[in-house]
Amino acid sequence: MRVGYASVNRSIGCTSARTFRLASYSRERLYETIGNNLLCLLNTLHHNVQQGIRFFRLPSEIVPFASHDICQEPWQKDFARQFRKIGNYIRDHDVRVALHPGQYNVLNSPWEHIFEQSYKELCYQAELLDLMGLDSTHKIQIHVGGIYDDKAASILRFTRRYYLLSPEVRRRLVIENDDRLYTLRDCWEIYGAVGIPIVFDNLHHALNNVSDSLLEAFDAAYSTWKGIDGVPMVDYSSQAAGKRHGSHAETVDLDDFAAFMAQVRDYDFDVMLEIKDKEASVLKVMNSLKTL
DNA sequence: AGTTGTCAAGCTAGT
DNA sequence: ACTAGCTTGACAACT
């Protein structure tokens with residue numbers, strides 16, 4: 001089992017999510033930023049590997065504005081060597097990476113241009129992984145989208161849009177149950193229609209479910225992953241004490257985590273921690289697993 | 001050097 | 001009609 005964290009390392013002093021304002025866009029600014037982001041990414045992966053961390057969510061901002069109309073630069077060609085180098089490092093060290101586009105990525109929007117824009121972002125993210133030469137176990141994870149007063153119609157719209165996606169995007173795309181709109185059971189319905197794997201999120205399930213137990217939901221999500229997808233991915237987070245529902249805790253609660261693991265001990269999966277202190281919690285969890 | 005409003009973008013629920 | 005909050009963090013303009 002790999003244990004990972006999202007996007008930004010808190011201790012090494014660089015970030016591979018540097019960006020800039022659209023108003024200050026220029027080819028020079030873009031290339032300088034991509035160059036720095038890729039250097040930091042390799043640095044981050046290296047630090048992860050040295051600590052035994054082999055699961056990492058890449059930031060969406062590695063190439064800022066890549067899916068925006070303003071970006072016409074051939075960055076794919078101009079940074080091909082750097083991408084290949086990072087991909088080689090990932091494969092050589094048995095690291096798994098994933099991507100998680102932001103809240104503006106909505107495949108099932110009734111508005112065609114929002115779908116088109118979301119699709120462009122997915123193409124960019126798939127391209128990142130393709131340029132690294134990574135196989136289909138390296139995923140892109142999204143939420144189902146909006147409801148628009150008609151969940152059944154919106155689920156149907158998602159499935160229709162899914163078939164419009166390129167094979168390069170589809171082989172990597174997975175959906176996650178969210179904290180308010182689409183439950184694991186809703187995701188399961190979509191899986192039944194198009195066969196897309198489901199990422200189980202424990203906190204979202206706790207906040208948003210019909211009547212399914214954690215184990216029922218986990219098992220259902222688990223069964224949607226095929227060999228070509230790699231072992232299932234799971235998002236794990238703890239509720240921040242005293243904060244509003246759904247906000248992520250500052251650091252992992254090892255008792256909660258142990259209770260979670262006790263329920264799913266028979267499954268092999270990779271777990272992504274969505275916890276504010278990032279790799280610090282990963283190290284805590286990895287350490288606790290030795291004695292579990 | 002530190003602070004804070006804003007950032008390319010969508011949607012929902014609550015005021 | 002408007003806004004906080006979302007997987008979030010970082011930029012840039014101001015003290």
Candidates [options] - which lies nearest the side chain of [X]:
X      : options               : value
A:P110 : C:dG9, B:dG10, B:dC11 : B:dC11
A:T19  : B:dC11, C:dC11, B:dA8 : C:dC11
A:R21  : C:dT7, B:dA13, B:dC7  : B:dC7
A:H100 : B:dA13, C:dT7, C:dG9  : C:dT7

Intermediate values then yes/no, ring pair (Phe, Tyr, Trp, His ring centres under 6.0 Å), A:F218 and A:Y267: CA-CA 10 Å; A:F218 184 98; A:Y267 298 85; 4.9 Å; yes
[atom1] spacing across the pair [N] / [M], given as an integer number of angstrom:
N      : M     : atom1 : result
B:dG2  : C:dT7 : C1'   : 28 Å
B:dT12 : C:dG9 : C1'   : 23 Å
B:dC7  : C:dG5 : C1'   : 16 Å
C:dA13 : B:dA8 : P     : 12 Å
C:dC6  : B:dT3 : C1'   : 24 Å

Side chain to side chain donor-acceptor pair (under 3.5 Å), paired with A:D270, selected from A:R54, A:R2, A:K139: A:R2
Is any side-chain heavy atom of [X] less than 4.5 Å from a side-chain heavy atom of [Y]?
X      : Y      : result
A:E73  : A:Y31  : yes
A:E279 : A:S11  : yes
A:Y162 : A:L165 : yes

So what does [X] hit on the nucleic acid, given a heavy-atom distance under 4.0 Å: a base, only sugar-phosphate, or nothing?
X      : answer
A:I147 : sugar-phosphate
A:S24  : sugar-phosphate
A:T15  : sugar-phosphate
A:S109 : sugar-phosphate

Round to the nearest Å and state the distance from [X] atom [atom1] to [N] atom [atom2].
X      : N      : atom1 : atom2 : answer
A:R18  : C:dC11 : CZ    : C1'   : 9 Å
A:L122 : B:dG10 : CG    : P     : 15 Å
A:R29  : B:dC7  : CZ    : C1'   : 13 Å
A:F20  : C:dC11 : CZ    : C1'   : 11 Å
A:Y236 : C:dT7  : OH    : P     : 17 Å
A:L203 : C:dG5  : CG    : P     : 16 Å
A:Q103 : B:dC7  : CD    : C1'   : 11 Å
A:F200 : C:dT7  : CZ    : P     : 15 Å

A:K278 vs A:R180, nearer the 5' end of DNA chain C by closest nucleotide: A:R180
Of A:E176 and A:L22, the one whose closest DNA chain C nucleotide lies more 5': A:E176
B:dA9 base stacked by A:Y104 (centroids within less than 5.5 Å, tilt under 30°): yes
Any donor-acceptor pair under 3.5 Å from A:S109 side chain to A:V106 backbone: no
Identity of whatever pairs with B:dA8 - Watson-Crick or G-U, under 3.5 angstrom: none
Base paired to C:dT7 (Watson-Crick or G-U; both N/O distances under 3.5 angstrom): none
Check against ring pair (Phe, Tyr, Trp, His ring centres under 6.0 Å), A:F269 and A:Y222: CA-CA 8 Å; A:F269 57 96; A:Y222 195 92; 7.1 Å; no
C:dT7 OP1/OP2 closer than 4.0 Å to side-chain N/O of A:H143: yes
Contact under 4.0 Å: A:H204 side-chain N or O vs C:dT7 OP1/OP2: yes
